[in-house]
Amino acid sequence: MTSLYDTTIPVIINALKTEEMILKQAEEWAKKNNVPISDIVNARLYPDMFNLSMQVMVTVLYAGKGIKALTGEDASILKKEVREYSLEESYANITEALENLAKVKPESMNGKENEKVEVNVGPKKAVVTAQNYVHNFLLPTIYFHFVTLYDILRMKGVPVGKKEYLTFFHSDWVFA
């Protein structure tokens, strides 16, 4: 059986590394095509949705919330103000979240799959098992905002595809 740590922390790390990579590709594309980077950072799929900057913020915020819920340890990224950030600040937030995730030890989570965790879901609180939280809220939330970021980049014309999206998720695969 795969451990709680293995199904959580490396997956979030891969998502954040991919975010950073495709944001850098977007930045290069914008420079090459004389598109102001602010047009991309401030873009949203629909008027009532978060812009790209906030999509990054939500993914790093939930990386920190996951650490807190699953280990009881505070993550420095949780001290960040929830707001829109510049591209440079977004890179810094991703880096900080990755540093927080790198400090999580497997033993701080493993064996706690069936322990209850209390989490906020909007204005409500829920008490669920750690495993339920990871599989039915934490990872889906991160994937939702990660994919929305990807979709915003595609909408703006940035040439990223499935290959880029999956790069870090396949980093340890051996292809024949």
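Note that the structure is predicted; figures quoted are calculated from it, not measured. Hydrogens, waters and symmetry mates are skipped; everything else that's a heavy atom, side chains included, is used.
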Do [X] and [Y] meet the criterion of a side-chain donor-acceptor pair at a distance under 3.5 Å?
{"X": "Asn114", "Y": "Thr129", "value": "no"}
{"X": "Ser108", "Y": "Glu73", "value": "no"}
{"X": "Glu96", "Y": "Tyr91", "value": "no"}
{"X": "Thr167", "Y": "Glu164", "value": "no"}

Would you please test Lys68 and Asp74 for salt bridge (charged side-chain N to carboxylate O under 4.0 Å, His left out) and show each step?
CA-CA 5 Å; Lys68 177 72 173 163; Asp74 283 322; 3.2 Å; yes
[X] side chain vs [Y] backbone, donor-acceptor pair below 3.5 Å:
{"X": "Asn14", "Y": "Pro10", "answer": "yes"}
{"X": "Glu113", "Y": "Leu4", "answer": "yes"}
{"X": "Asn120", "Y": "Lys125", "answer": "no"}
{"X": "Ser53", "Y": "Tyr85", "answer": "yes"}
{"X": "Asp6", "Y": "Thr2", "answer": "no"}
{"X": "Asn33", "Y": "Trp29", "answer": "yes"}

Gap separating the [atom1] atom of [X] from the [atom2] atom of [Y], nearest 0.5 angstrom:
{"X": "Ile22", "Y": "Leu149", "atom1": "CD1", "atom2": "CG", "value": "5.0 Å"}
{"X": "Arg44", "Y": "Asn51", "atom1": "CZ", "atom2": "CG", "value": "4.5 Å"}
{"X": "Ile94", "Y": "Ile13", "atom1": "CD1", "atom2": "CD1", "value": "13.5 Å"}

If the threshold is 4.0 Å, N to carboxylate O, is there a salt bridge linking Glu81 and Arg83?
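Yes, Glu81 and Arg83 are salt-bridged.
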Parallel, tilted or perpendicular: rings of Phe169 and Phe146 (30°, 60°)
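Tilted: the ring planes of Phe146 and Phe169 meet at 30° to 60°.
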